[in-house]
Amino acid sequence: MRSLLTVTDLPQLLSERLARAFADVAGEPADPAVRRSDRADYQADGALSLAKKLRRPPREVAAEVLERADLDDLVANAEVAGPGFLNLTLSDTALSTLVGEMAADERLAVAQASAPERVLVDYSGPNVAKEMHVGHLRSSIIGDALVRVLEHLGHDVVRQNHIGDWGTPFGMLIEHMIDLGAGETAHELSVGDLGAFYQDARKAFDSDEGFAERARRRVVLLQSGDPETLALWRLLVDESARYFETVYERLGVRLRPEDLAGESTYNDQLAPVIDELVELGLATESEGALCAFPKGFTGRDGGPLPLILRKSDGGFGYDTTDLAALRYRVGDLKARRLVYITDLGQRLHFEMVFEVGREAGWLGPRAHAEFQGFGVVLGTDRRRLRTRAGDSIKLIDLLDEAVRRAALIVAEKASHLSAEEQADVAAAVGIGALKYADLSNDRIKDYVFDWDRMLSFDGNTAPYLQYAHARIQSVFRRGAVDRASLKGAAVRLTDPAEHALALRLGEFEGILHKAAGVVEMHRICGYLYDLATAFTAFYERCPVLRADDDATRSSRLALCDVTARVLATGLSMLGIAAPTRM
RNA sequence: GCGCCCGUAGCUCAGUGGAUAGAGCGACAGACUUCUAAUCUGUUGGUCGGAGGUUCGAAUCCUCCCGGGCGCGCCA
């Protein structure tokens with residue numbers, strides 16, 4: 001039987017304890033269905049469905065479960081209520097023990113996975129020589145947050161930045177680079193003027209037949225491995241990669257050059273992959289192209305829907321590349337869980353890729369792939385976020401504006417800080433607000449982008465959480481408290497607000513597991529907001545530095561310390577900084 | 001045409017089988033010689049898009065309909 005010393009996930013702990021009793025009563029495993037409750041700390045609703053199965057009165061079943069459950073060390077009060085709910089109130093001593101465990105541990109008693117899983121996360125995926133936009137923002141920060149949580153939980157994470165670094169556009173891009181000269185190209189790309197570079201190349205391609213012809217020839221040279229062409233291509237890719245790095249650095253997304261695994265990575269695997277699919281009988285000739293028809297997908301005409309393995313002109317498209325990437329990730333990188341984070345528009349494509357992967361035996365018992373898509377970013381007019389001219393907004397412009405707006409607020413409200421500190425805080429608040437606005441919404445839904453709302457210090461925003469964190473820090477400063485000394489502090493909960501705060505603290509670990517499992521970072525956001533709310537209620541009611549006696553004071557300081565660390569750790573899981581002064 | 005996703009308070013969003021559906025903003029009324037008022041307290045506000053169904057119990061599961069978005073063979 002697990003105790004508070006090994007588990008800091010309260011609902012899970014209660015669930016485990018009750019599960020034994022439920023199993024005894026049911027004669028087989030039965031879900032206790034533990035939930036938060038507004039009538040107690042938690043409620044367990046499992047007796048109702050179990051009663052139905054056993055054809056017994058629900059309250060009688062609930063009472064028997066309670067009779068058999070071993071909850072004495074955790075629960076102060078447990079009773080059958082309503083039609084057969086079990087209302088559970090945690091004991092203050094149990095919660096004190098739990099907070100004490102968190103206070104004494106660097107990791108806030110969040111366990112590392114005993115059986116780490118190799119998880120591959122595919123995210124960000126910008127295109128070479130093209131500007132990054134809001135779509136890359138979502139993929140980048142959701143992926144980054146997922147990676148941070150998985151790593152914190154002790155998993156073995158492989159990041160893959162599947163950049164667009166191959167294909168027919170590179171003919172025109174390389175020719176445009178030749179026209180500009182390498183030096184000028186490097187300059188344009190390094191200063192982040194990729195939009196102009198790409199558009200100029202496109203313009204030349206569309207308006208100048210001679211250029212278009214050169215571009216087409218250049219594609220052939222590129223695909224045939226012409227050394228000079230490859231060198232030019234390499235330059236283009238390297239310059240773009242450098243640019244991506246500066247954006248990631250600015251955003252606080254921890255993608256590195258070694259995480260790059262663009263489409264070109266799989267060039268020499270395309271033919272072998274096709275050979276394997278042919279051998280397995282999964283490839284079919286159709287309309288001059290070689291196709292795979294995964295089971296269960298139909299097209300406009302009601303016929304089977306293909307992935308094009310080899311185009312009728314002999315070339316390869318992204319279907320083949322994504323299949324090769326899948327095979328490589330499972331076979332060579334040994335990933336057991338693969339998470340793809342792209343916009344929802346690509347769902348069908350990836351579901352088809354995964355189905356072929358299953359039919360080919362790459363996926364199955366040894367590995368599974370998940371498509372975790374996200375919705376689009378809308379303006380306050382409820383239409384896709386764009387510039388007034390109708391272009392997609394450059395990601396870097398968005399970052400600049402976030403920090404600029406935050407700086408105005410900081411200058412007004414934190415004039416007591418030095419100019420340098422103000423700049424740091426503005427960056428943390430601006431970028432944090434931008435990321436939090438995205439992460440705090442359900443990934444699958446579209447969300448409305450609104451500067452005023454995301455930068456507000458009220459409500460479920462990054463600035464509110466950052467401020468809550470900074471306020472706690474100021475308590476330590478004001479009281480000249482050595483936080484290290486709080487590690488062994490005895491926690492005593494007396495006020496209901498302390499009890500409520502401790503409950504929320506005891507849910508941290510479980511939230512991380514849940515968020516990583518279903519790739520829903522907004523669960524972490526909602527949790528941190530609840531925690532901050534519980535803290536401010538505590539802070540309003542319970543004097544800390546002015547507590548009546550030393551024992552209460554040190555207990556409350558320990559609550560402050562653990563809360564601050566959960567907030568900072570939680571925000572860091574989201575890739576958001578928590579300044580100590582604001 | 002077929003498929004996928006979304007529809008919850010005036011606005012922005014939580015809540016996916018449990019008790020009276022929650023939060024922030026807005027509006028209204030309060031609380032600062034501050035442990036940081038960048039905060040907090042209270043009031044206001046909902047036929048959970050609609051109609052059937054399953055269930056002891058449905059915002060949540062099923063079916064149909066309405067509205068919005070996206071996708072459906074050689075672009076990614």
Side-chain angles (χ1 to χ4, degrees), chain A residues 33 35-39 43 45-46 48-49 51-52 58 81-85 87 125 127 162 164 166-169 263 286-291 293 297-313 315-319 321-322 342-349 351 373 375-376 378 380 382-384 409-410 412-414 416 429 437 440-442 444-448 450 452-454 456-461 463-464 466-468 470-479 522-523 525-526 529-530 533 536-537 539-547 556 560 581-582:
Chain A
R35 308 280 136 88
R36 277 194 195 177
S37 175
D38 52 357
R39 313 200 172 193
Q43 62 185 59
D45 302 337
L48 286 154
S49 52
K52 174 111 183 149
F85 302 115
N87 284 353
N127 293 309
H162 193 81
W166 200 253
T168 50
E263 294 165 339
S286 171
E287 296 175 29
L290 189 65
C291 303
F293 292 96
F297 297 90
T298 50
R300 205 183 297 263
D301 57 2
L305 204 54
L307 286 177
I308 310 277
L309 302 176
R310 192 173 57 227
K311 299 191 283 185
S312 49
D313 68 1
F316 306 112
Y318 63 96
D319 286 345
T321 307
D322 284 332
T342 74
D343 67 275
L344 279 166
Q346 298 188 50
R347 174 167 220 145
L348 180 63
H349 164 69
E351 294 299 351
V376 303
L378 305 173
T380 43
R382 281 241 135 214
R383 302 170 58 144
R384 198 180 278 263
I409 299 171
V410 170
E412 183 192 337
K413 301 191 165 166
H416 57 286
V429 169
S440 60
N441 284 294
D442 189 350
I444 208 158
K445 295 182 184 175
D446 298 343
Y447 81 92
V448 174
D450 183 336
D452 293 335
R453 211 186 299 281
M454 72 177 74
S456 168
F457 282 77
D458 294 298
N460 190 11
T461 67
Y464 175 82
Q466 289 169 320
Y467 180 64
R471 272 174 103 189
I472 302 174
Q473 303 296 325
S474 99
V475 173
F476 298 133
R477 272 196 303 274
R478 180 66 66 105
H522 77 287
R523 290 173 184 274
C525 300
Y529 181 61
D530 280 352
T533 303
T536 50
Y539 192 66
E540 292 285 318
R541 280 181 60 97
C542 305
V544 179
L545 296 175
R546 303 170 187 158
R556 287 178 177 169
C560 288
R581 291 161 63 95
M582 283 177 72

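Protein chains get the first letters and strands the later ones, always in sequence-line order, with residue 1 at the start of each.
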Output a table of nitrogen or oxygen pairs between the protein and nucleotides 72-74 of chain B separated by less than 3.5 Å.
residue	atom	partner	partner atom	Å
G73(B)	O6	E287(A)	OE2	2.7
G73(B)	N1	S286(A)	OG	2.9
G73(B)	N2	S286(A)	O	3.4
G73(B)	N2	S286(A)	OG	3.2
C74(B)	O2	S312(A)	N	3.0
C74(B)	N3	S312(A)	OG	3.4
C74(B)	N4	E287(A)	O	2.7

Legend entry - With sequence neighbours excluded, residues passing ring-ring contact (aromatic ring centres under 6.0 Å, His included) with H522(A): none
Legend entry - Contact letters for nucleotides 8-23 of chain B, in which S counts primed atoms plus P, OP1 and OP2 and B counts the base, heavy atoms under 4.0 Å: ---SSSSS--BBB--S
Legend entry - Spacing of R541(A) atom CZ relative to A31(B) atom C1', expressed in whole Å: 16 Å
Inset, instruction - For E540(A) and G42(B), give me the distance from atom CD to atom P, rounded to whole Å. - result: 11 Å
Legend entry - Residues forming a ring-ring contact (aromatic ring centres under 6.0 Å, His included) with Y539(A), sequence neighbours excluded: F535(A)
Inset, instruction - Would you kindly give the CG-to-C1' distance between D343(A) and C4(B), to the nearest whole Å? - result: 13 Å
Inset, instruction - Round to the nearest Å and state the distance from R384(A) atom CZ to C70(B) atom C1'. - result: 8 Å
Inset, instruction - Would you please enumerate the stems RNA chain B participates in, each stem being three or more consecutive Watson-Crick or G-U wobble pairs with both distances under 3.5 Å? - result: B:1-7 with B:66-72, B:10-13 with B:22-25, B:26-31 with B:39-44, B:49-53 with B:61-65
Inset, instruction - May I ask you to decide if R471(A)'s main-chain N or O and S474(A)'s side chain share a donor-acceptor pair within less than 3.5 Å? - result: yes
Inset, instruction - Please identify each residue that fulfils ring-ring contact (aromatic ring centres under 6.0 Å, His included) with F476(A), with sequence neighbours left out. - result: none
Legend entry - Y464(A) side chain near C40(B) phosphate (N/O to OP1/OP2, under 4.0 Å): yes
Legend entry - Between C1' of G69(B) and CD1 of I444(A), the distance in whole Å: 13 Å
Inset, instruction - Take atom CG of L344(A) and atom C1' of C5(B), then tell me their distance rounded to the nearest Å. - result: 6 Å
